[in-house]
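Contents: one structure, followed by commentary.
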Amino acid sequence: MTEKFTGSFTQQEPIPEDGINAALDVLRHGRLHRYNNAAGEYGEAALLEQEFAAQVGAKYCLAVASGGYAMCTAMRAVGVKHGDQVLTNAFTLAPVPGAIAAVGAEPIYVEVTEDLVIDLDDLADKAAMADVLLLSHMRGHICDMDRLMQIAQDHNLTVIEDCAHTMGASWNGVPSGRFGTFACYSTQTYKHVNSGEGGLLISDDPDAMARAIILSGSYMLYERHLAAPPAEAFDQIRYETPNISGRMDNLRAAILRPQLRDLSVQAARWNALYHAVEDGLRDVPGLTLLHRPDKEAFVASSFQFLLVDWTPDAVQDVVARCLARGVELKWFGGAEPTAFTSRYDSWRYAPVPKLPRTDRVLQGILDMRLPLTFSTDDCALIARIIRSEVSAVYQSQT
Ligand SMILES: *Cc1c(COP(=O)(O)O)cnc(C)c1O
């Protein structure tokens, strides 16, 4: 009998009951705007910022409308201007080059390695070309952050971390997001916590964060924040900084606070799913598993493997066969962007460079989501299906 998987790769868990109750409280009192507070009340958005800053050990935190908005705001706050160039990963998702384009800048893409992290040799070669690196920890893979920060220091590069896939993760015991001047998180439905849409920004830099807060649309109400720099930090900045509204509201914040409290429990569940897939895919001829360094503590919410140097037809055959058995794999090697799998050469509003090492890796990457609605048994079944279809196509080729 051929096994089939019948679960949904896009179905997340429900919002926890305490999140639902907190949301109902906000709906009942009606003060959804973050600065609409009753006397003596701190709104949910301010409390969320205070709690997230404490959780990651950052001085300051700002809750905003999306992860993409967080990245734009971080770049503006560190001084990226129209016409500037910003270094970023060639292997990432569309909101990253999109954020660079939104501030009028141009991406310079850095190659990706077979471990799916930024190629640090290529970064060192290109570091002199820009003042800012928007580092995407794409799919939760964290590069050697010690070496990356050394390169940044040597070249005076300001680092902004895109932690959309590394909330709760760390490198050598330091939380992802605590290396750069800013780190940006997304709280939209497909990330580690779910408020539909939303983003978080952290920093230890008082001037940069004061600018970010004014940028986000705080008017002159920044003293109602609980994780903001002291009022003096705003003295000049409040006159010099435009208001580009992108605040988070109290309803989303209410939903997120209980989810953040559960993050480490959820991380362990995600990683159990990841390891169930990984264990099921060991020693499959032609299939390369990714090496995860000891210093990297990741929070999986997706799984990647490589079919290195396979022909496009063979990879597409694997994708089609797996799909016929209910397993949705996304391929980053397709010529046309489909769903979320767009590639650097499909972002044609920006210059498209030649990146041969990245092309070779993208040609072989297969990617799938692992929502927490899956069990480890589901993941073992998914792995059996992938194993048998990869093996069948591989054997037919050789
Ligand atoms: C989701 C995502 C973001 C930000 O996403 P929003 O949808 O704007 O919240 C940023 N970077 C990566 C790699 C992402 O996947």
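Quick note: numbers below take in every heavy atom, side chains included, and nothing from hydrogens, waters or symmetry partners. When a ligand or atom number is given, it counts from 1 through the structure's own listing order.
The aromatic rings of H225 and Y35 sit tilted relative to each other, their planes meeting at an angle between 30° and 60°. Note: F332 and F91 have perpendicular aromatic rings, judged against thresholds of 30 and 60 degrees for the angle between ring planes.
L134 and V80 fall within the same hydrophobic cluster, where Ile, Leu, Val, Met, Phe, Trp and Tyr residues are linked whenever their side-chain heavy atoms come under 4.5 Å apart, directly or through other members.
Within 4.0 Å of ligand 1, the residues that place a heavy atom are S66, G67, G68, M71, T92, L93, P95, V96, S136, D162, A164, H165, S186, Q188, K191, G198, listed by chain and number.
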Using the rule given for side-chain hydrogen bond (donor to acceptor under 3.5 Å, both in side chains), can you reason through Y344 versus D359, listing the C-alpha separation, both sets of side-chain angles and the distance that settles it, and then say yes or no? CA-CA 10 Å; Y344 74 93; D359 291 341; 2.6 Å; yes
Working for side-chain hydrogen bond (donor to acceptor under 3.5 Å, both in side chains), residues T187 and S195: CA-CA 6 Å; T187 65; S195 59; 2.8 Å; yes
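Remark: R238 is not positioned above the aromatic ring of Y222, lacking an NZ or CZ atom under 6.0 angstrom from the ring centre and at most 45 degrees off the axis.
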